[in-house]
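Taking it in order: structure first as structure tokens, then the write-up.
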Amino acid sequence: MPELPEVEVVRRGLERGVVGRTIASVTVLHPRAVRRQPDGAAAFEGLLAGQTVTAARRRGKYLWLALSGVPEPVPVVPAEPAGGPLAAPSAPAGAAEGDALLGHLGMSGQLLVVPPSAPDQAHLRIRFTFTDGGRELRFVDQRTFGHMLLDEGGAALPSPVAHIGRDPLDPLFDEDAFLAGLAARRTGLKRALLDQTLASGIGNIYADEALWAARLHFARPTETLRRGDARRLLAEARGVLSAALLAGGTSFDRLYVSTEGVSGLFERELAAYGRAGLPCRRCGSPIRRDAFMNRSSFTCPTCQPRPRSGRW
DNA sequence: TAAAATACCTGCAGGC
DNA sequence: TGCCTGCAGGTATTTT
């Protein structure tokens, strides 16, 4: 399931594979893949042909290709930490106004850069060819929760993404604003973590992992959280996301792969998610699975005691 | 206005 | 073998 580390791996692949190339043609093979395009598939195809990709950018789980006419942003990448590279920062405000090819991978979306001779994937939704005749870009999505659209003038920050907060690995992430926002919520801790307006990029897997690492229960009411606990949770979230990024992301059933079709290796390092009944790596208690928001939540009943008045 | 619930989807596993 | 059900889950929309 693509969350921040997986999407960042894909973004880097796009940077290597399509930046600097000009789109020759676009073929939409499934209308649902462009369901958010204002004028439908024909407009999507027509607006993209002839545009040159100038950058690959990301905010949270959204990623986009900046298109022709947009100069490269001034790099704002800090010195690489000992633990590995940080995610690229979100695009700076004020860049020139080219278009953006925006995409969200949903649950099962893949953006593959493959030779034109490669056989079509079973769930190929959109095909992009380039004027150099080289490798194609293909949007493949089994469950069709993902989508793409062309946002005119959105190269710096597409409008559908404007409400999404920065992610915890973004150098411009505002930690104090996050802590204040968390304290102001009246909901459960995991619901707040999954709210992409507060901090983006965290999904079900890494929310569970961060909560396990911080020894906090997912139903803990946000207003009862001490500032030190909140800081610890944020630090653990950053640690989990960074480690997953180094491992190339987490893969289940090959639903997430890089642009080269390679699966991530972080699954073997998961401490809570998907480990119901298995011993906690810290205390040995069997990991517990609870239904939560029409999905699952995994906790250690000893390390993450359930609050008396939790918010599910 | 904020929080919670629901709809959207397809492939797979497990039970019968 | 085939059918049915539950599950996976991010986001937008609807409801409370």
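Per chain, numbering begins at 1; letters A, B, ... match sequence-line order.
- Between A:I287 and A:A271, the shortest heavy-atom distance links the atoms CD1-O, 4.0 Å.
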Evaluate the side-chain contact (heavy atoms from CB on, under 4.5 Å) criterion for residues A:W64 and A:L101: first the C-alpha distance (whole Å), next the side-chain angles of each, then the deciding distance (0.1 Å), finally the verdict. CA-CA 5 Å; A:W64 69 94; A:L101 172 56; 5.9 Å; no
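- The shortest distance between side-chain heavy atoms of A:N204 and A:K190 falls below 4.5 Å.
- In this structure, A:H163 reaches the sugar-phosphate backbone alone: every heavy-atom distance under 4.0 Å involves primed, P, OP1 or OP2 atoms, never a base.
- Taking every side-chain heavy atom of A:H104 into account, C:dT11 is the closest of B:dA3, C:dT11, B:dA4.
- Residue-level contact check: A:H123 touches the backbone only, with heavy atoms under 4.0 Å from sugar-phosphate atoms and none from bases.
- In this structure, CE of A:M293 is placed 14 Å from C1' of C:dT13, rounded to the nearest angstrom.
- Taking atom CG of residue A:L194 and atom C1' of nucleotide B:dA3, one finds them 14 Å apart after rounding to whole Å.
- Candidate nucleotides C:dT11, C:dA12, B:dC9 were compared by shortest atom distance to the side chain of A:R143, and B:dC9 ranks first.
- OP1 or OP2 of B:dA4 lies within a sub-4.0 Å distance of a side-chain N or O belonging to A:T187.
- Residues A:L150 and A:Q51 come closest through the heavy atom pair CD1-NE2, 4.4 Å.
- In this structure, the nucleotide among B:dT10, C:dT11, B:dA3 sitting nearest to the side chain of A:T144 is B:dT10.
- As judged by a 4.0 angstrom heavy-atom cut-off over every strand, A:Y62 is placed among residues touching the sugar-phosphate backbone only.
- Within the structure, a side-chain polar atom (N or O) of A:R191 is placed less than 4.0 Å from OP1 or OP2 of B:dA5.
- For A:N294, the side-chain atoms get nearest to B:dT6 when compared with the rest of B:dA3, B:dT6, C:dG10.
- Counting only heavy atoms from C-beta on, A:R311 has its side chain closest to B:dA4 among C:dT11, B:dA4, C:dA12.
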Quick one, A:H217 with A:L211, criterion side-chain contact (heavy atoms from CB on, under 4.5 Å). Give me CA distance, side-chain angles, the key distance, then yes/no. CA-CA 7 Å; A:H217 193 275; A:L211 288 164; over 6 Å; no
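- With B:dT10, C:dA8, C:dG10 as the choices, the nucleotide that has an atom nearest any side-chain atom of A:Q142 turns out to be B:dT10.
- Contact between the side-chain N/O atoms of A:S296 and the OP1/OP2 oxygens of C:dA8 is found at a separation under 4.0 Å.
- Summarising the geometry, the separation between CE on A:M148 and C1' on C:dG10 is reported as 16 Å, rounded to the nearest angstrom.
- At the heavy-atom level, A:R289 lies under 4.0 Å from the strands shown only through sugar-phosphate atoms.
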